[in-house]
Amino acid sequence: EPEVTQTPSHQVTQMGQEVILRCVPISNHLYFYWYRQILGQKVEFLVSFYNNEISEKSEIFDDQFSVERPDGSNFTLKIRSTKLEDSAMYFCASSEETLDQPQHFGDGTRLSIL
Amino acid sequence: GESVGLHLPTLSVQEGDNSIINCAYSNSASDYFIWYKQESGKGPQFIIDIRSNMDKRQGQRVTVLLNKTVKHLSLQIAATQPGDSAVYFCAENHNAGNMLTFGGGTRLMVKP
């Protein structure tokens with residue numbers, strides 16, 4: 001069964017450094033998402049992406065965050081200057097459509113900011 | 001603000017029994033709902049979904065019930081197995097956007 005893959009599984013970064021999290025969505029999916037889950041809290045929406053542009057973003061997704069689809073298979077999340085509170089699990093998801101279609105998630109990248 | 005929430009943080013059931021996990025939502029504009037299962041160290045795994053024009057949908061060993069009158073969603077797991085032990089999240093979506101709003105999760109523990 002096709003799946004969303006994320007790399008790395010664990011990223012440790014010094015505060016203030018830039019970090020890039022990588023995702024390979026399911027190949028025939030057209031909509032891509034990033035979510036995060038702070039330890040012990042709910043999964044929170046960050047951003048959705050379609051047709052090479054952001055279609056929706058949450059308040060969490062401020063100017064420090066950016067997304068890119070650099071080629072036909074990868075989808076990345078960049079945090080420019082990491083803060084301690086960016087420590088979380090970051091999940092990538094993809095779907096065929098936005099309306100009434102399930103989003104399928106990867107296993108996440110654990111980001112630890114020191 | 002409007003949110004999706006769960007009544008019980010932990011549910012413990014005997015292997016072979018049926019499990020019912022509940023979820024309350026407050027956004028009346030929500031029209032699509034999903035249940036996810038999350039095992040330790042893994043991402044949310046899609047289980048079953050339901051659209052707001054339905055009140056019941058069945059899958060393999062799982063049934064989702066939607067009561068729009070009281071804004072309540074439930075997941076029923078028949079003949080619960082040890083492999084069902086995980087955290088279960090409900091999530092909701094509305095046509096105005098494509099973000100999912102997740103509930104807080106319920107941990108299901110299956111006793112052998």
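Values reported hereafter were calculated over all heavy atoms of this structure, with side chains retained and with hydrogens, waters and symmetry mates removed. So you know, we letter chains A, B, ... as the sequences are listed, proteins then strands, and number each from 1.
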Could you walk me through whether A/Y35 and A/Q103 pass the side chain to side chain contact (heavy atoms under 4.5 Å, CB included) test, one step at a time? CA-CA 11 Å; A/Y35 290 80; A/Q103 296 177 22; 2.7 Å; yes
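For A/Q6, no part lies under 4.5 angstrom from a heavy atom of chain B. Interface remark: B/F33 contributes no atoms to any contact with chain A (heavy atom separation under 4.5 Å). Contact annotation for B/I34: only side-chain heavy atoms (C-beta onward) come within less than 4.5 Å of a heavy atom of chain A.
Taking 4.5 Å as the limit, every side-chain heavy atom of B/N98 sits out of range of all side-chain heavy atoms of A/Y50. Side-chain atoms of B/L11 and B/Y88, non-hydrogen and from C-beta on, never get closer than 4.5 Å to each other.
For the salt bridge (charged side-chain N to carboxylate O under 4.0 Å, His left out) condition, the pairs that include at least one residue of residues 74-84 of chain B, sequence neighbours left out, are B/R61-B/D84.
Chain B forms the most heavy-atom pairs under 4.5 Å with one residue out of A/S48, A/S58, A/P102, and that residue is A/P102. Of the residues considered (B/Q38, B/K42, B/E39, B/Q45), B/K42 shows the highest number of contacts with chain A, using heavy-atom pairs under 4.5 Å.
Residues A/R110 and A/H10 share a closest heavy-atom pair of O-CD2, 2.9 Å.
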